[in-house]
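Okay, structure first, notes after.
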2 protein chains.
Amino acid sequence: MSTLDETDVRILELLVADARRPYSDIAAEVDLSPPAVSARIDRLRESGVIRRFTVDLDRSQLRAGVPVLVTLALPADVVSEVREAVVAADAVEHAFVTAEGDVVFHARFRADAVREQLGRLVDLSLVDDYEVTVVSDAEWTPSLGGAEFALSCAECGNTVTSEGRSERFDGEQYHFCCPSCLAQFRERYEELEAGAG
Amino acid sequence: MSTLDETDVRILELLVADARRPYSDIAAEVDLSPPAVSARIDRLRESGVIRRFTVDLDRSQLRAGVPVLVTLALPADVVSEVREAVVAADAVEHAFVTAEGDVVFHARFRADAVREQLGRLVDLSLVDDYEVTVVSDAEWTPSLGGAEFALSCAECGNTVTSEGRSERFDGEQYHFCCPSCLAQFRERYEELEAGAG
DNA sequence: AATGAAAGGATTAAGCC
DNA sequence: GGCTTAATCCTTTCATT
């Protein structure tokens, strides 16, 4: 397991705050040379920790439509198909799949054609039930407090060392400091999944 | 209101895809010089359309906990207070307020303390009802909504939809939500011109 | 908004621990 | 392996038109 050190975490924090900050600036902050920072950032990109450099936009100023939150209740066999369609849609900004198999997404629709646009995005005949609510406020909060940023055990919160284990649950990677935390997490996760609600 | 033209929108799309892309690259894409691109981006930042340059991180590799989607049903008088608390919380990544006054947020909680962490984040005595579901997949897909990009009516400020009209006055393109706004704008524009000339 | 010159960053390559 | 320094190359900014 390639674990992030303190310097990686500080670099990430600086990039979250301003992704166009010069590498030479960052280098000065973390007491490294610019090439060393560049190499670390390359590694963070390759390992997938950094997905992309992007901009956070105030979409309310773009007036691209009404922001809505849509919940789709779906039969299990169409979840991934619907998820794909939703994620691919231009109007969709965030999409979540819950453990129950609901697909929840945040999108912008034209006020005069919400229903029509939804229908174009998803085959509504596949959907058991759906709900659309207008969102009056949406915020993305990428800034984080330092301690929470380190690679920590999903079960107990301790720092994960090279002795740690990783395992994938529902397509997502989790990290654990020891095998017993992994075992306990697995048990609890399955409980949570079964009894959600 | 200074309205965004097509070039601004294309610049934004390019930045959303890669915020560290050289301005000279962007300039070539939109047929402008690098200084012109730089000036436009400065304007977009000052006007608040661009909130910040940042990185999209795969937080599953960084932070302890299970991703959950929480819906809080709230009395109207505590919505903004709860919203503040939720947005300020470290574990919260996205927060939405619906028109009904529900607060919906996406966060990461440690598996052994979901209820406890929720309780520390929100005063549950204020909450009418709440629901926590495990999220098995979350994706952020920033886009500008493709061709339906947002323009506001130069006359009334409303969103310009496909029913809208555009017209050039003195070499500059203006957009209108409806023919009557266009007519009114033209009348006023000509008055203004006559008075000046 | 373009141009060209000057300043400022990023990246490469070679060498060190 | 990961770091540094120095040189090169590229990008951005500024003054001018």
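Chain letters run A, B, ... following the sequence lines, proteins first, then strands; residues in each count from 1.
Remark: A:Arg115 CZ is loosely packed, at most 12 non-hydrogen atoms of other residues, nucleotides or ligands lying under 6.0 Å away. Applying the 6.0 Å contact sphere to CD of B:Glu100 captures more than 12 heavy atoms from other residues, nucleotides or ligands.
Rounded to a whole Å, the CG atom of A:Asp18 is 13 Å from the P atom of C:dG9. Taking atom CG on A:Asp31 and atom C1' on D:dG2, their separation rounds to 16 Å, with Å as the unit. Between the P atom of D:dG2 and the CZ atom of A:Arg40 lies a distance of 9 Å, rounded to the nearest Å. Atom CD1 of A:Ile26 and atom P of C:dT11 are 11 Å apart (whole Å).
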Pair up each side-chain donor or acceptor in residues 36-45 of chain A with any protein partner under 3.5 Å, not counting sequence neighbours, and list the distances.
{"residue": "A:Arg40", "atom": "NH1", "partner": "A:Asp5", "partner atom": "OD1", "Å": "2.9"}
{"residue": "A:Arg40", "atom": "NH1", "partner": "A:Asp5", "partner atom": "OD2", "Å": "3.2"}
{"residue": "A:Arg40", "atom": "NH1", "partner": "A:Asp8", "partner atom": "OD1", "Å": "3.0"}
{"residue": "A:Arg40", "atom": "NH2", "partner": "A:Asp5", "partner atom": "OD2", "Å": "3.2"}

Item to check | Verdict with reasoning, B:Ile50 to A:Leu57, per side chain to side chain contact (heavy atoms under 4.5 Å, CB included) | outcome: CA-CA 5 Å; B:Ile50 293 177; A:Leu57 300 177; 3.8 Å; yes
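End-to-end axis angle of the helix from C:dA1-D:dT17 to C:dC17-D:dG1, from C1' rotation axes over five pairs per end: 30° (rounded to 10 degrees).
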Next on the checklist: Base contacts versus sugar-phosphate-only contacts with protein, heavy atoms under 4.0 Å: please encode nucleotides 10-17 of chain D as B, S and - from 5' to 3'.
Outcome noted: -SSBB---
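Here the closest heavy-atom approach between residue B:Leu126 and residue B:Glu81 is recorded as CD1-OE2, 3.5 Å. In terms of heavy-atom proximity, B:Ala27 sits nearest to B:Pro34 at CB-N, 3.6 Å.
Taking the charged nitrogens against the carboxylate oxygens, B:Glu116 and B:Arg120 do have a contact shorter than 4.0 Å, which makes a salt bridge.
Taking the six-membered ring for Trp and thresholds of 30 and 60 degrees, A:Phe105 and A:Phe109 have ring planes more than 60 degrees apart, a perpendicular arrangement.
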